[in-house]
Trainee: 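Supplied in structure tokens, the structure appears directly below.
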Number of protein chains: 2
Amino acid sequence: MAKKRKVGNLLGLAVLSYLTQGPTHPYDLGRTLRAHGDDRSLKFTHGSLYMVFQQLEKAGFVAPVETGRAGLRPERTVYAMTDAGLRELRDWLRELVAEPEHEYPRFVTALSLIGALPPDEVVELLTTRLSRLTEVRASTRQEIDAALARDVHPLFLVEEEYRLALLDTEAGFVENLLGRIAGWRSAWSAAVSGGKS
Amino acid sequence: MAKKRKVGNLLGLAVLSYLTQGPTHPYDLGRTLRAHGDDRSLKFTHGSLYMVFQQLEKAGFVAPVETGRAGLRPERTVYAMTDAGLRELRDWLRELVAEPEHEYPRFVTALSLIGALPPDEVVELLTTRLSRLTEVRASTRQEIDAALARDVHPLFLVEEEYRLALLDTEAGFVENLLGRIAGWRSAWSAAVSGGKS
DNA sequence: TCTATCATGTAACCAGTTACATGATTTT
DNA sequence: AAAATCATGTAACTGGTTACATGATAGA
């Protein structure tokens, strides 16, 4: 069902999650997120963080505490999580884990329009993709292993393992597709419209 | 590398793709897209279509032709693809097919924050997810079969087959995860912060 | 004929990104 | 001591979504 949340951006969820460890200000949270490598599963920038804090505040999930207190650095506002915030965090996470949502990965879209390219070219492009996929797979694998070597608990690596699984599936699918395209040449040309380049 | 496109929204790509069949106006294209079930691989609404046409026009990829011509229905503007538009379509598609991009599926994010929920609850939630996944899988399968029965060429179903593969992988991963969680109870509690609810 | 739904579009709003601003450290 | 970079924030812009407007058929 995916109810309409007051704050929809998943970055907001991460913020709430980190605020359970105590109050902070947006800039600092940014550093923390990057330090923890959360930027691999979350898209955000400097600016978007201030944005989300603002939204969370309007929604009543966080509230400013120590505002104004400046070491000798620029002014800054420190926020803490509210009770409503904690509830939202839990509820939201529950939903995300329990209910798969319909998503729109770019490759899916590309596939749905692929008929607009001539088959020979598609074969070539897919081959390129395959090798890129192999590279990404390797580097992800490496990062996981490195983390494990540093004694990071696997609990904190599940998302990367999941990515790995997805990469393998994609590679398999692409290979399989490559195999089938040859047989489709005739139906394909019926779909393509323009000429070269 | 993913160069910065003048129009970034994939809906724009779909528009260009359909415009190879001849000029139309936004509203009509909307109907067509839904009729073709493209709304399964593309997220759009009435409003966003007008948006994208506007952007495409500013970028020089489409140009108005028959503007003003009203049957007796409201005013409407018919657009046709330009040469630049055709080039963009091809180039963009090539990139999408050849180069995998780093994406942020919601489940990945959820996994990365899952430590904020107690393990027993996570087990329960994942079990729920598993059954939802089975449902989705079944209905996707069904849609594919129905289409095949209607003699739709498999070329136009690749994206759904790909989804199927992803669903299977996800289900497998979740099952596997369920198995491993039991052993993690101790490390897990160290990560959880708050109390109940 | 009244009401619903279709057909078409614009305007107002909200979220996210990029660019700008400014004092404090660190590096060269 | 000049240049670079860090720390912190605001403002301006751009893209996308939602809500509104209005005439035209079609169904009750």
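As the structure is a computational prediction, the values presented were derived from the model and not from experiment. First the proteins, then the strands, lettered A, B, ... as listed; each starts at 1.
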Trainee: Find the distance A/Tyr27:OH to C/dT25:C1' and express it as a whole number of Å.
Mentor: 12 Å

Trainee: Considering just the side-chain nitrogens and oxygens of B/Ser48, establish if one lies under 4.0 Å of OP1 or OP2 belonging to D/dT17.
Mentor: yes

Trainee: For A/His25, report the nucleic acid contact type (base, sugar-phosphate, nothing); a contact means any heavy atom under 4.0 Å.
Mentor: sugar-phosphate

Trainee: For B/Lys43 and D/dT17, what is the distance between atoms NZ and P respectively, to the nearest whole Å?
Mentor: 6 Å

Trainee: Rounded to whole Å, please give me the gap between CE in A/Met51 and P in C/dA19.
Mentor: 16 Å

Trainee: Between atom OG of B/Ser112 and atom CZ of A/Arg40, what is the distance when rounded to the nearest 0.5 Å?
Mentor: 11.5 Å

Trainee: Look at the side chain of A/Gln55 and decide which nucleotide, out of C/dG16, C/dG9, D/dT18, has an atom nearest to it.
Mentor: C/dG16

Trainee: Drop me the distance from A/Trp188's CH2 to B/Phe156's CZ, to the nearest 0.5 angstrom.
Mentor: 9.0 Å

Trainee: Whole Å only: how far is the CZ atom of A/Arg31 from the P atom of D/dG9?
Mentor: 10 Å

Trainee: Please give, in whole Å, the distance from C/dA15 C1' to A/His46 NE2?
Mentor: 17 Å

Trainee: Do the non-hydrogen side-chain atoms of A/Arg76 and A/Tyr27 ever get within less than 4.5 Å of each other?
Mentor: no

Trainee: Please determine whether a side-chain nitrogen or oxygen atom of B/Lys4 lies at a distance below 4.0 Å from atom OP1 or OP2 of C/dT17.
Mentor: no

Trainee: Specify the separation, in whole Å, of atom OH of B/Tyr50 and atom C1' of D/dC20.
Mentor: 14 Å

Trainee: Rounded to whole Å, please give me the gap between CZ in B/Arg76 and P in D/dA21.
Mentor: 24 Å

Trainee: Mind running side chain to side chain donor-acceptor pair (under 3.5 Å) on A/Tyr18 and A/His36 for me, showing each step along the way?
Mentor: CA-CA 11 Å; A/Tyr18 275 86; A/His36 278 234; 3.3 Å; yes

Trainee: Nearest whole Å is fine: how far is D/dG15 P from A/Asn9 CG?
Mentor: 19 Å

